[in-house]
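Read the numbers this way: they start at 1 and go in the same order the structure lists the ligands and their atoms.
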Amino acid sequence: MAVSDAGAVREDEFPGLMMDDLPLTTTWILRRAATVFADRPVVTRTPGGGRHRYTYRAMAGRARRLGVGLASLGIGPGDRVATLAMNHYQHLEAYFGVPALGAVLHTVNPRLHPQDLAHIVTQAADRVMIVDQALWPVWSAIVGQVPVAHTVVVADGTGPLPPGTLAYEDLVVEGPDQVPDDAVANDRQAAMMCYTSGTTGRPKGVVYSHRSLVLHALATGGVDSVGLSARDMVLPVVPMFHVNAWGLPYGAALHGSGLVLPGHDLSPEGLLTLLDETGATVTAGVPTIWMAILAALDAHPSRWNLSQLRTMLVGGAAVPAAVLQGFRDRHGLGVLHAWGMTETTPLGSVAHVPAGVDEGPGPAGDHYRLSQGRPAALVEVRARGEAGLVPWDGKTPGELEVRGPWVARHYYGGDDDGKFTPDGWFKTGDVVTIDPQGYLVITDRTKDLVKSGGEWISSVALENALMSHPGVAEAAVIAVPHPRWQERPVAVLVARGAERPSDQELAAFLAPQFADWWLPDAYRWVEAIPRTATGKFLKAALREQFRDALGGGAQRTREVP
Ligand code: AMP
């Protein structure tokens with residue numbers, strides 16, 4: 001190897017001669033947005049219902065001056081700056097301005113229980129909190145219990161700012177000073193933090209490095225991923241306080257897509273109006289949002305022009321077939337299903353159809369579209385059953401394990417709790433089958449199975465089937481204690497209309513699809529299913545509520561085979 005000044009190079013090495021040392025930082029994304037895509041728009045719905053518009057050029061200037069303002073408060077590399085905020089341009093400035101300074105942006109979920117909020121703000125040792133004025137009640141409930149030094153309020157014009165707080169606009173210092181582009185030299189340093197939603201126990205901190213966020217943003221441009229491009233307008237409904245809004249703000253800025261940020265109005269009508277007027281091409285959110293949007297579109301099929309919308313990215317929970325097919329068959333809109341977790345930044349897998357399958361509407365394509373898809377480039381998957389790793393046969397279930405450059409390798413504070421394998425894979429807690437082409441199908445979660453007489457029953461499969469009944473709007477299937485079978489499934493349902501289908505009707509509806517011992521022992525109707533802060537069913541609460549639903553456990557007549 002003829003590298004004259006390479007004292008460190010051993011005889012048996014042959015180093016690549018590329019610029020591998022250039023750090024992959026979020027500032028790199030900012031620089032590209034501010035130059036190549038300087039005139040691309042960022043549109044925000046403001047609290048009064050108006051629109052704030054500016055360009056990536058203006059956004060970048062303000063983000064860098066926010067960094068200067070934070071530095072004037074004594075914030076420096078490694079310090080945590082938290083946000084309690086919805087999707088708007090000031091939050092976007094924090095996404096770039098805080099990491100540009102070498103500090104860490106900790107997005108906090110305002111829907112969490114105050115106890116959890118106080119716990120995570122304390123554990124993360126947040127020094128500054130940037131809070132939307134509308135979310136002040138959430139913050140004021142815990143501000144006395146946490147060690148935050150400065151509270152910065154994003155004013156919404158509804159009244160004076162609370163005493164002792166700083167105005168966000170005063171922190172975006174006017175003048176020539178900007179955070180330098182090279183403030184972060186090591187791309188392994190943390191840029192962002194987000195806590196998991198805590199469906200089972202206390203939320204856990206996930207700490208994203210600059211490098212992981214840049215690689216993840218690059219991946220959002222793949223055509224078999226979300227395919228973000230300079231011709232897109234992206235409206236993330238998924239909140240910027242949860243998993244970096246699925247990485248879409250960074251992806252959009254890197255690939256030159258415009259951004260549309262809906263602020264505090266997440267009503268179906270408000271979102272549809274924004275999609276229409278901005279000509280949004282890509283939008284993203286959890287299924288609950290799309291169910292409401294589908295109902296609004298069904299009620300007023302020609303009120304909004306969505307002809308530009310090419311992709312509705314759905315994830316966070318399985319997309320019901322009725323939603324995917326309803327958008328396509330009645331409105332000509334394409335749903336793209338994806339799987340991910342807070343721990344995977346979140347892009348894990350995306351459900352495009354493979355080569356050789358008709359891309360048009362039809363059952364063959366839907367089999368793939370309704371799966372959790374194939375792993376994103378640079379994400380590796382495997383699944384482990386009781387007897388070890390399972391074959392990729394599309395049949396044998398096992399717990400999904402993943403690894404890749406944007407997958408967590410530890411939780412913050414060493415809270416790992418058996419979630420990582422000895423050889424460095426992350427254990428997702430999702431139970432999947434993997435087919436020979438790498439398509440994942442989530443059949444259940446380790447925390448969510450019903451074990452009846454030693455046999456597993458998939459609550460997810462029953463829920464999906466129940467939700468395709470026209471009389472059922474929502475269904476959660478839970479395991480309820482049973483004296484003979486240990487556990488039996490009980491379905492907790494929300495009715496779609498005034499008329500509730502009878503238990504017999506529901507059982508007859510499910511019967512052709514499932515072994516008869518899979519059918520729920522009871523059906524219970526509720527006004528609403530309790531949810532976690534991120535919209536998932538809070539099964540623990542339901543299990544508690546319906547603990548005695550089987551009346552101490554009447555004997556079943558059906559035998560488990
Ligand atoms: P969170 O970290 O709160 O985003 O939750 C991640 C979990 O949500 C995963 O482990 C899955 O259980 C579930 N999830 C995410 N995406 C999907 C999907 N497309 N289908 C089914 N479950 C999903």
Side-chain angles (χ1 to χ4, degrees), residues 107-109 111-112 116 120 192-208 216 225-226 236-248 284-290 312-321 323-324 335-352 368-376 379 381 383 397-402 406-408 411 419 425-434 439-449 458-464 467 476-477 531-539:
T107 54
V108 179
N109 184 341
R111 298 182 194 144
L112 287 177
D116 283 337
I120 68 175
M192 299 271 289
M193 265 185 97
C194 181
Y195 277 71
T196 61
S197 52
T199 22
T200 51
R202 273 276 167 97
K204 293 179 181 191
V206 177
V207 183
Y208 308 100
H216 185 271
S225 165
V226 193
V237 183
V238 48
M240 289 172 76
F241 57 73
H242 187 58
V243 211
N244 324 316
W246 295 354
L248 295 172
V286 293
T288 330
I289 294 277
W290 304 119
M312 307 172 82
L313 185 64
V314 183
V319 64
V323 169
L324 183 134
V335 162
L336 177 60
H337 188 207
W339 168 89
M341 303 179 70
T342 309
E343 293 89 335
T344 65
T345 312
L347 187 62
S349 61
V350 188
H352 288 281
Y368 296 102
R369 288 190 194 96
L370 291 168
S371 78
Q372 273 68 26
R374 287 205 264 212
V379 173
V381 300
E399 183 183 356
L400 176 65
E401 299 177 356
V402 295
W406 55 79
V407 178
Y411 289 104
K419 289 291 286 176
W425 293 62
F426 169 64
K427 293 157 75 172
T428 63
D430 289 325
V431 177
V432 298
T433 58
I434 310 179
Y439 280 86
L440 309 172
V441 172
I442 295 192
T443 55
D444 224 312
R445 299 179 190 160
T446 51
K447 53 246 181 194
D448 217 0
L449 288 162
S458 165
S459 43
V460 173
L462 288 169
E463 285 164 11
N464 286 342
M467 283 194 274
V477 172
R531 291 174 186 278
T532 65
T534 51
K536 296 181 203 310
F537 292 156
L538 197 51
K539 295 227 170 154

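- Under the side-chain hydrogen bond (donor to acceptor under 3.5 Å, both in side chains) criterion, Gln372 pairs with no residue at all, not counting sequence neighbours.
- Counting atoms of ligand 1 from 1 in the listed order, those under 4.0 Å from a heavy atom of Thr342 are 1 (P), 2 (O), 3 (O), 4 (O).
- Within the 4.0 Å heavy-atom cutoff, Thr196 does not count among the residues contacting ligand 1.
- Residues Phe426 and Lys419 meet the side-chain proximity criterion, which asks for heavy atoms closer than 4.5 Å.
- Of the heavy atoms in Ile442, only side-chain atoms (C-beta onward) come closer than 4.0 Å to ligand 1.
- Closest of all the heavy-atom pairs between Trp290 and Val237 is CH2-CG2, 4.2 Å.
- Each of the following atoms of ligand 1 lies closer than 4.0 Å to a heavy atom of Gly316: 8 (O), 13 (C), 14 (N), 15 (C), 16 (N), 17 (C), 23 (C).
- Of the listed residues (Gly340, Ser349, Gly373, Gly429), the one carrying the non-hydrogen atom nearest atom 7 (C) of ligand 1 is Gly340.
- Applying the side-chain hydrogen bond (donor to acceptor under 3.5 Å, both in side chains) test to Glu401 and every residue at least two apart in sequence or in another chain returns Arg382, Arg384.
- Heavy-atom minimum distance, Asp430 versus Met341: OD2-SD, 4.4 Å.
- Taking any N or O of Ala338, backbone or side chain, at least one lies under 3.5 Å from an N or O belonging to ligand 1.
- The heavy-atom pair separating Gly315 from Pro287 by the smallest distance is O-CD, 3.4 Å.
- Ligand 1 lies nowhere less than 4.0 angstrom from a heavy atom belonging to Pro346.
- Close N/O approach between Val243 and ligand 1 is not found [any backbone or side-chain N/O within under 3.5 Å].
- Leu336 approaches Ala351 most closely through the heavy-atom pair CD1-O, 3.8 Å.
- Of the N or O atoms in Ala318, one or more lie within a sub-3.5 Å distance of an N or O in ligand 1.
- The contact set between ligand 1 and His337, taken as ligand atoms under 4.0 Å from a residue heavy atom, comprises 18 (C), 19 (N), 20 (N).
- Taking 4.0 Å as the cut-off, Ala317 counts as a neighbour of ligand 1 on heavy-atom distance.
- A 4.5 Å side-chain heavy-atom check between Leu347 and Val379 finds every atom pair outside the cut-off.
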